[in-house]
Amino acid sequence: MTKQNNAVTPEFKSCINNLISTVVLPSAATVPESMALINGFLGFSRKNFTKRLEESKVNAWIDSMRAASPTRVKSSENQEKCSWILYHPSALKLFDQILYSAKRKQIVFFLDYDGTLSPIVADPEKAFMTRKMRATLKDIARNFPTAIVTGRCREKVFNFVKLAELYYAASHGMDIMGPTKNRSAEKSNVNKAVLFQPASQYLPMIDEVYKILLEKTKSVSGAKVENNKFCLSVHFRCVDEKSWAPLAEKVRLVLNEYPKLKLTQGRKVLEIRPTIKWDKGKALEFLLESLGYKNSNDVFPIYIGDDRTDEDAFKVLRRRGQGVGILVSSVPKETDASYTLQDPSEVEHFLRRLVEWKRSSIVNPTSA
Ligand SMILES: [Mg+2]
């Protein structure tokens, strides 16, 4: 498996141009001479060369999306899965080991939503979590500081989760709000305290691109564009696989006109975000600091997520040497997470065990 950087950024385009201008050329050649040489050598123009590279990038997204969205596991892949599990063991099987690492430290939970707390479903508007999961999540939040970290917009994820006592880092952490004890706020999140919105100046541009994408993608059956306020998602879940490449190309062409926005690829989704250096990992660090654990050794963050965008948070935990990252996946994927859980039902089981352990440790403090 090969990890790929899927963002088409201005830096990427500049890199391509530099590559064309400098690779394998006589040192005394001027830029125009160099271009003539390289054009002659390659047999096509810089424009065509760049276009082909952009097209191959679209193909790379599609290949990566297929790999990240498997529908079946071939028997020949079983061996690979076994060795992968050795390096990324089940968080349920090694539950006691995780507890030992967390001993006498404050556990703080960071939880992705889609594919982690709720199953991935065909219609993203219907990604509901179960009652059991909501009850467990409520108990988790009673016992540990807990944040939902998601690509969804704040209003939408709150409508799914409906728990006012949590932190919400929505739009990939670009819209962070804190919990409230106000009972009336449980029905609506309007009273919640906004802690941080690092991309607020991008809102008009995001709205503009949303409208263009709606128009450009309406001819592709099943394509869905979701406005997550500070970022956009183009969902491929209901699109025939034969139409994935043409749809990705449509999105790329729109984004070409907006160098301040970048494109990343997830599970059956392309996501459009501002080019600012902010991601789920930065959101995790911001929240730890807000909770007073910036330089603390007494904190044990547990981040659970299923997607490529969650890798930024797993990397932060590895760099800090704190807590654990848990990837939700039933198939091998390259990851910086230490442990794995197969699906949302295993996530619920893991969270429930943490609640039971916490309750027993209150009764018997020496066990914690
Ligand atoms: Mg997810």
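Model, not experiment: these values are computed from the prediction. Only this structure's heavy atoms are used, side chains among them; waters, hydrogens and symmetry mates stay out. Atoms within a ligand are numbered from 1 in the order they appear, just like the ligands themselves.
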Review point. For the ring pair Y303 and F314, is the centre-to-centre distance below 6.0 Å?
Key: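 Ring centroids of Y303 and F314 are less than 6.0 Å from each other.
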
Check your understanding: With a 6.0 Å cut-off on ring centres, are W278 and F230 close enough?
Key ->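 Not close enough - the centres of the two rings lie 6.0 Å or further apart.
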
Point to revise | Atom name of the N, O or S atom in D112 that lies nearest to the Mg ion (ligand 1) | key: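 This turns out to be OD2.
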
Review point. Do you know which N/O/S atom name in D306 is closest to the Mg ion (ligand 1)?
Key: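 It is OD1 of D306.
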
**Study point:** Side-chain donor/acceptor of R267 to backbone N/O of D307, under 3.5 Å
**Key:**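 Pair absent, no side-chain N/O of R267 close to backbone of D307.
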
Check your understanding: Of all the atoms in D114, is at least one N, O or S atom closer to the Mg ion (ligand 1) than 2.8 Å?
Key ->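 Checking the Mg ion (ligand 1) against D114, an N, O or S atom does fall under 2.8 Å.
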
Exercise for review: Kindly confirm whether the Mg ion (ligand 1) is within less than 2.8 Å of some N/O/S atom in D310?
Suggested key: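 No - counting backbone and side chain alike, D310 has no N, O or S atom under 2.8 Å.
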
Review point. Should F286 and L195 count as side-chain neighbours, where that means a heavy-atom distance under 4.5 Å?
Key: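 They are in side-chain contact.
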
